[in-house]
Amino acid sequence: MSTRPRSPLRADIAVLPGDGIGPEVMAAAIAVLERVSSADLQLTFHEAAMGGHAIDEFGDPLPESTLKTCEQVDAILLGAVGGPKWSDPSAPLRPEQGLLALRQKFDLFANLRPVKAYPSLSAQAPLRSDLLTGVDILFVRELTGGIYFGERHEQETGDSAYDTMFYREAEVLRAAHIAFQAARGRRNLLTSIDKANVLAVSRLWRRSVEKLHDEFRDVQLEHLLVDAAAMHLLTRPADFDVILAGNLFGDILSDEASVLAGSLGMLPSASLSADGYGMYEPVHGSAPDIAGRGIANPTGMILSAAMLLRHSLGCETEAAAIENAVDGVLEAGARTADIALGASPISTQEFTEAVIEQLA
Ligand code: IPM
Ligand code: MG
C-alpha cells in the first residue's frame with residue numbers, strides 16, 4: 001500500500017457511476033472528496049461509462065475508452081452496476097461482465113470489506129444489540145480467482161452446465177498474506193474460511209494458509225467451514241477480527257455480515273492489486289427499486305472514497321476525517337430510509353451535506 005508520494009499531491013481518479021443508484025451515491029462521494037481537497041491534495045475526476053448504460057450506449061459493458069481512462073489514472077471509484085433492463089441471464093452482454101473484467105484486467109485480487117457495528121444503529125439492527133457490541137471485522141476476499149474465473153461450460157439450451165472452483169497455491173498465498181498483515185495491525189486473529197471437508201480446492205486453500213502461518217506466528221489462525229461460519233457470524237460476530245475467504249464464499253459471507261452494520265448501504269470496499277492500484281466501490285448493488293428517488297444511503301460509497309484516499313493515495317488523515325464525520329452524523333441521528341426504522345429519513349443529499357458540514 002502506497003505512502004503519500006509527494007506534496008502537493010495531484011491524483012487522477014476514474015469515476016464510473018454505473019447504473020441505478022450508482023450516480024446518486026457517486027455524487028455524494030465526489031462532494032465529500034472535493035471537501036477534503038486542498039492545495040496539497042488536488043484530485044481530478046474522469047467520468048466514464050461502465051455497466052448497463054454502457055451496453056446501451058457503446059454495446060459493451062466495459063468500453064475501450066473506459067478501459068483506457070482506467071489505465072491512465074491513479075485509482076478507480078465505482079458506483080454500482082446492473083438493473084432489470086439488463087438482467088436477462090441468457091443475454092450475451094451483462095453489466096456485471098464489466099465489473100469482473102476490471103477486476104481481472106487490473107489484477108485486483110485483494111478485496112477488503114470492513115464491517116463494523118455502529119452503536120448508534122444497534123437498537124434498530126435485526127440482531128440483539130448485546131451481540132453487536134464490539135463488532136469490527138475485516139473481510140479479505142480473494143477476488144480474481146476461484147469459481148468466478150474457473151473453466152466453465154454452458155449452453156443456452158443445453159441440459160447441463162458446469163463451473164470450476166480452481167485455485168493455485170500462489171493465488172491463495174497472496175490473498176492470505178494481505179489478511180495476515182492486516183490482522184497484525186488489528187487484533188491478531190485470522191479466520192480462514194473453506195469447505196475442506198468436501199472440496200479439494202478447499203484442502204489446498206487450508207494447506208496454503210497453514211504454510212504461510214509459519215511467517216506470522218504472532219497471529220492466531222483458525223479455520224472455519226463456510227456453513228459453520230455463516231452461523232457463527234450471527235451468533236458470535238464480535239469474536240471475529242480478519243476473515244479470509246475465496247471469491248464465492250467471501251461474496252456470500254460479506255453480504256450476510258452487512259446485517260451487523262445495520263444495512264448493506266453502509267459497507268465500503270477496496271479491491272487492490274499488488275502495487276497498490278485500486279478500485280473502490282460500495283458493497284451494495286444498483287438498487288433499481290429506489291433509483292432516481294434521492295433516498296439511497298451514500299455511506300458505503302463515501303467510506304469507499306475514504307478507503308481510496310488511504311490505500312491508493314496514502315492520505316490517512318483525510319481518510320480518517322471522513323470516517324469520523326460519518327460516525328459523527330450517525331451519532332447525531334442522521335438516517336437515510338434504509339436505516340431509519342421509525343425515525344424520519346433524510347435524503348441522500350441531506351445526509352451528504354451533514355457529512356460535509358461535520359468535516360468543516
Ligand atoms: C459483489 C457483487 C459482484 C460479485 C457481482 C455484481 C458480480 O455481488 O461485488 O459482491 O459477485 O462479486
Ligand atoms: Mg456480492
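What you see is a predicted model, and the numbers here were worked out from it, not measured in a lab. Both counts, for ligands and for their atoms, begin at 1 and track the order of listing. Note that these values count all heavy atoms, side chains included, but never hydrogens, waters or copies made by symmetry. Numbers here simply count residues along the sequence, with the first being 1.
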Peer 1: Going by atom types only, do Arg113 and Ser254 share a side-chain donor-acceptor pair under 3.5 Å?
Peer 2: yes
Peer 1: If you apply the rule ring pair (Phe, Tyr, Trp, His ring centres under 6.0 Å), what do you find for His232 with Phe240, and how did you get there?
Peer 2: CA-CA 9 Å; His232 288 264; Phe240 295 101; 7.1 Å; no
Peer 1: Can you give the donor-acceptor pairs under 3.5 Å from side chains of residues 97-105 to other protein atoms, not counting sequence neighbours?
Peer 2:
unit_1	atom_1	unit_2	atom_2	d
Gln97	OE1	Arg94	N	2.9
Gln97	NE2	Pro92	O	3.3

Peer 1: Using a cut-off of 2.8 Å, find all protein N, O or S atoms closer to the Mg ion (ligand 2) than that distance.
Peer 2: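 Protein N/O/S atoms under 2.8 Å of the Mg ion (ligand 2): Asp251 OD1.
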Peer 1: Does either side chain, that of Asp56 or that of Trp86, offer a donor lying less than 3.5 Å from an acceptor on the other one?
Peer 2: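 Yes, Trp86 and Asp56 have a side-chain donor paired with an acceptor closer than 3.5 Å.
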Peer 1: Any ion pair linking Asp40 and Arg10 (charged N to carboxylate O, less than 4.0 Å)?
Peer 2: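 So Arg10 does not pair with Asp40 through a salt bridge.
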Peer 1: Does any part of the side chain of Thr336, heavy atoms only, come nearer than 4.5 Å to the side chain of Pro298, both counted from C-beta?
Peer 2: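 Result yes, sub-4.5 Å side-chain heavy-atom pair found.
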Peer 1: Could you give the N/O to N/O pairs under 3.5 Å linking ligand 1 and the protein, each with its distance?
Peer 2:
unit_1	atom_1	unit_2	atom_2	d
ligand 1	8 (O)	Asp251	OD1	3.2
ligand 1	9 (O)	Arg103	NH2	2.7
ligand 1	9 (O)	Arg113	NH2	2.9
ligand 1	10 (O)	Arg113	NH1	3.2
ligand 1	10 (O)	Arg113	NH2	3.0
ligand 1	10 (O)	Arg141	NH1	3.2
ligand 1	10 (O)	Asp251	OD1	2.9
ligand 1	11 (O)	Tyr148	OH	2.5
ligand 1	12 (O)	Arg103	NH1	2.7
ligand 1	12 (O)	Arg141	NH1	3.3
ligand 1	12 (O)	Arg141	NH2	2.8

Peer 1: Taking Asp194 for the side chain and Trp205 for the main chain, is one N or O donor matched with an acceptor at less than 3.5 Å?
Peer 2: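 Answer holds: no.
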Peer 1: Return a table of donor-acceptor pairs under 3.5 angstrom between the side chains of residues 339-356 and protein atoms on other chains or two or more places apart.
Peer 2:
unit_1	atom_1	unit_2	atom_2	d
Ser347	OG	Gln349	N	3.4
Ser347	OG	Glu350	N	3.0
Ser347	OG	Glu350	OE1	3.3
Thr348	OG1	Gly294	O	3.0
Thr348	OG1	Ile295	N	3.4
Thr348	OG1	Ala296	N	2.9
Thr348	OG1	Ala296	O	2.7
Gln349	NE2	Glu353	OE2	3.2
Glu350	OE1	Ser347	N	2.8
Thr352	OG1	Thr348	O	2.6

Peer 1: Between Tyr167 and Ser208, do the side chains contain an N or O donor and an N or O acceptor separated by less than 3.5 Å?
Peer 2: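 The answer is no; no qualifying pair exists.
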